[in-house]
Amino acid sequence: MERQEISRIAHRDHPVAAPLSDEAVRELLERLLRGRADGRLLDLGCGEAPWLVRALAAHPALRAVGVDTDAEALRTARRTAERLGVARRIGLHHCDAREFTTAEPFDAVLCVGATHAFGGLGPALAAIGPLLAPGGAVLLGESYWEREPAPRARELFGDGLTDLAGTAAAVRDAGWLPVAGHTSSRAELDAYEWAWTGSLADWALDRPPGPEREAALRAADTHREEWLTGYRDGFGFVTLVLRPGS
C-alpha cells in the first residue's frame, strides 16, 4: 500500500489529520475567520479538506482553495463538498504546496501538520507570507517536544523539533506573532493516535487475507509501537493563529 492510502485510511475516523478535538477545530476556525468570514481561505496540504468544508458550511459567504499532492484525497474532498452543498465555493488543486501561486491573496491560510512539506516551520511561514492579504491570519499546527525526547523518539522525528518555547521563538523570529493558540491535551493526543492505528486495523480486519490487509495491519502495529514506546511521553502539538508582526 502507498503511504498516501495508508494515511487516508488512518484519518477516516478523526475530525482532522491532527490531534485536535472536534470542539477545538470549531473554536480555532471561528478565531481564524473572525472578521474574515466573507473572504478567501487557503489550506496548504488539505488532504480531504475537512477544515475547508467545515468552514464553508458554517460561513455562506466564504470561498476556499485546497492544495494537496494526494489526488484521491482531493476526489473525496470534492464529493464531501458536493454532499454539503458547498462545491461551488471550493477550488481544489493537485500540486505540491511549495509550487502553489495565486494572483489574488487569501484572507486566511491553513497549514496544520504540513510544515514538513516546506522543509520546516521557517520555510513554511516564508512561503505563506506572499499568499496572505493585508490584515490576514494564518492557522499553523506544529509538533514540539514537551520534554527532552528519548533517543528513539529523536530517531523517529529527527532534529527538527524543539520545545514549545522554542517553537514560539521560531515563529517570532520568522516575523509573526501569535494572537491565539491551542495546546493539544493528552486526551486529544491519545485520541488521535488511537484513531490512527485503530482505523487502519479496523479497515484491515474487514478485508480478506492478502497483501493489502497485511500491509495495513503492519502499518498499524508499527505506528502503535512507535507511539507507545517511543514518543508518547514527550510529544506535543500546538495550533497557533498568527499575524505578521511588522
Determine whether the aromatic ring centres of Phe157 and Phe235 lie less than 6.0 Å apart.
yes
Could you check whether any side-chain heavy atom of His223 comes within less than 4.5 Å of a side-chain heavy atom of Leu200, counting everything from C-beta outward?
no
His182 ring center near Phe237 ring center (under 6.0 Å)
no
Between Arg89 (side chain only) and Leu62 (backbone N and O only), is there a donor and an acceptor less than 3.5 Å apart?
yes
Can you check whether Gly47's main-chain N or O pairs, donor with acceptor, with Asp70's side chain at less than 3.5 Å?
no
I'd like to know if Arg207 and Glu214 make a salt bridge, using a cut-off of under 4.0 Å between side-chain N and carboxylate O.
no
Step by step, work out the side chain to side chain contact (heavy atoms under 4.5 Å, CB included) result for Leu84 and Leu56.
CA-CA 9 Å; Leu84 295 177; Leu56 290 169; over 6 Å; no
Determine, step by step, whether Gln4 and Thr69 satisfy the side chain to side chain contact (heavy atoms under 4.5 Å, CB included) criterion, reporting the C-alpha distance in whole Å, the side-chain angles of both residues, the deciding distance to 0.1 Å, and the verdict.
CA-CA 9 Å; Gln4 289 181 331; Thr69 58; 3.2 Å; yes
Using side-chain heavy atoms (C-beta onward) and a distance below 4.5 Å, is Asp202 in contact with Arg12?
yes
If you measure from CG on Leu32 to CZ on Arg34, what distance do you get to the nearest 0.5 Å?
10.5 Å
Output all residues satisfying salt bridge (Lys or Arg N to Asp or Glu O under 4.0 Å) with Glu104, sequence neighbours left out; order by chain, then residue number.
Arg40
Pair Asp221 + Arg218, salt bridge at N-O below 4.0 Å:
no
Does Leu44 share a hydrophobic cluster with Val53, counting links as ILVMFWY side-chain heavy atoms below 4.5 Å and allowing steps through other members?
no
Between Ser184 and Leu20, is the side chain to side chain contact (heavy atoms under 4.5 Å, CB included) condition met? List the steps.
CA-CA 6 Å; Ser184 293; Leu20 293 160; 3.7 Å; yes
Closest non-hydrogen contact found for Pro244 with Trp176 is N-CE3, 3.5 Å
Report the C-alpha separation of Glu148 and Arg154 in whole Å, then their side-chain angles, then the decisive distance to 0.1 Å, and conclude whether the salt bridge (charged side-chain N to carboxylate O under 4.0 Å, His left out) test is met.
CA-CA 9 Å; Glu148 181 62 27; Arg154 184 75 76 181; 3.2 Å; yes
A side-chain contact here means heavy atoms from C-beta on lying under 4.5 Å apart; do Leu92 and Arg75 qualify?
no
Approximate separation, where rounding is to 0.5 Å, of Arg232 CZ and Arg224 CZ:
13.5 Å
Side-chain donor or acceptor of His11 paired with backbone N/O of Ser7 under 3.5 Å:
yes
Would you check if Leu125 and Leu242 make a side-chain contact, meaning some heavy-atom pair closer than 4.5 Å?
yes
Same cluster or not: are Leu131 and Leu177 linked, directly or through other Ile, Leu, Val, Met, Phe, Trp or Tyr residues, by side-chain heavy atoms under 4.5 angstrom apart?
no
Residues two or more places apart in sequence or in another chain: which of them pass salt bridge (Lys or Arg N to Asp or Glu O under 4.0 Å) with Arg243?
none
d(Asp43 CG, Cys111 SG) to nearest 0.5 Å is 8.0 Å
When you look at His59 and Glu30, which way does the side chain to side chain contact (heavy atoms under 4.5 Å, CB included) test go after all the steps?
CA-CA 10 Å; His59 301 285; Glu30 287 301 309; 3.2 Å; yes
For Asp13 and Ala195, which heavy atoms make the closest approach, and how far apart are they?
O-CB, 4.4 Å
Between Glu82 and Arg79, does at least one N-O distance fall below 4.0 Å, as a salt bridge requires?
no
Rounded to the nearest 0.5 angstrom, the CD-OG1 distance for Glu48 and Thr80 is 6.5 Å
If you take all heavy atoms of Ile90 and Arg78, which pair is closest and at what distance?
O-NH2, 3.5 Å
Using a 4.5 Å cut-off on heavy atoms from C-beta on, say whether the side chain of Trp196 contacts that of Trp227.
no
Once rounded to the nearest 0.5 Å, what's the spacing between atom CG of Leu41 and atom CG of Leu110?
5.0 Å
Do Asp22 and Arg54 have side-chain heavy atoms sitting under 4.5 Å apart?
yes
Under a 4.5 Å cut-off applied to non-hydrogen side-chain atoms, are Thr229 and Arg152 in contact?
no
Could you check whether atom CD of Glu2 has more than 12 heavy atoms from other residues, nucleotides or ligands sitting under 6.0 Å from it?
no
So which heavy atom on Phe118 is nearest to which on Pro123, and how close?
O-CB, 3.2 Å
Do Leu29 and Val241 sit in one hydrophobic cluster, given that two such residues count as connected whenever their side-chain heavy atoms are within less than 4.5 Å of each other, even indirectly?
yes
Taking every non-hydrogen atom, the tightest pair across Pro15 and Pro50
O-CB, 3.5 Å
Value for OG1 (Thr197) from CD (Glu225), rounded to nearest 0.5 Å, stands at 12.5 Å
In one Ile/Leu/Val/Met/Phe/Trp/Tyr side-chain cluster, 4.5 Å: Val16, Trp194:
yes
Same cluster (ILVMFWY, side-chain, under 4.5 Å), Phe100 and Val138:
yes
Hey, does Leu132 have a side-chain heavy atom less than 4.5 Å from the side chain of Pro105?
no
Check whether the side chains of His14 and Glu193 place a donor and an acceptor atom closer than 3.5 Å, and report yes or no.
no
Looking at Ala17 and Tyr192, what are the two nearest heavy atoms and their distance?
C-CE1, 3.9 Å
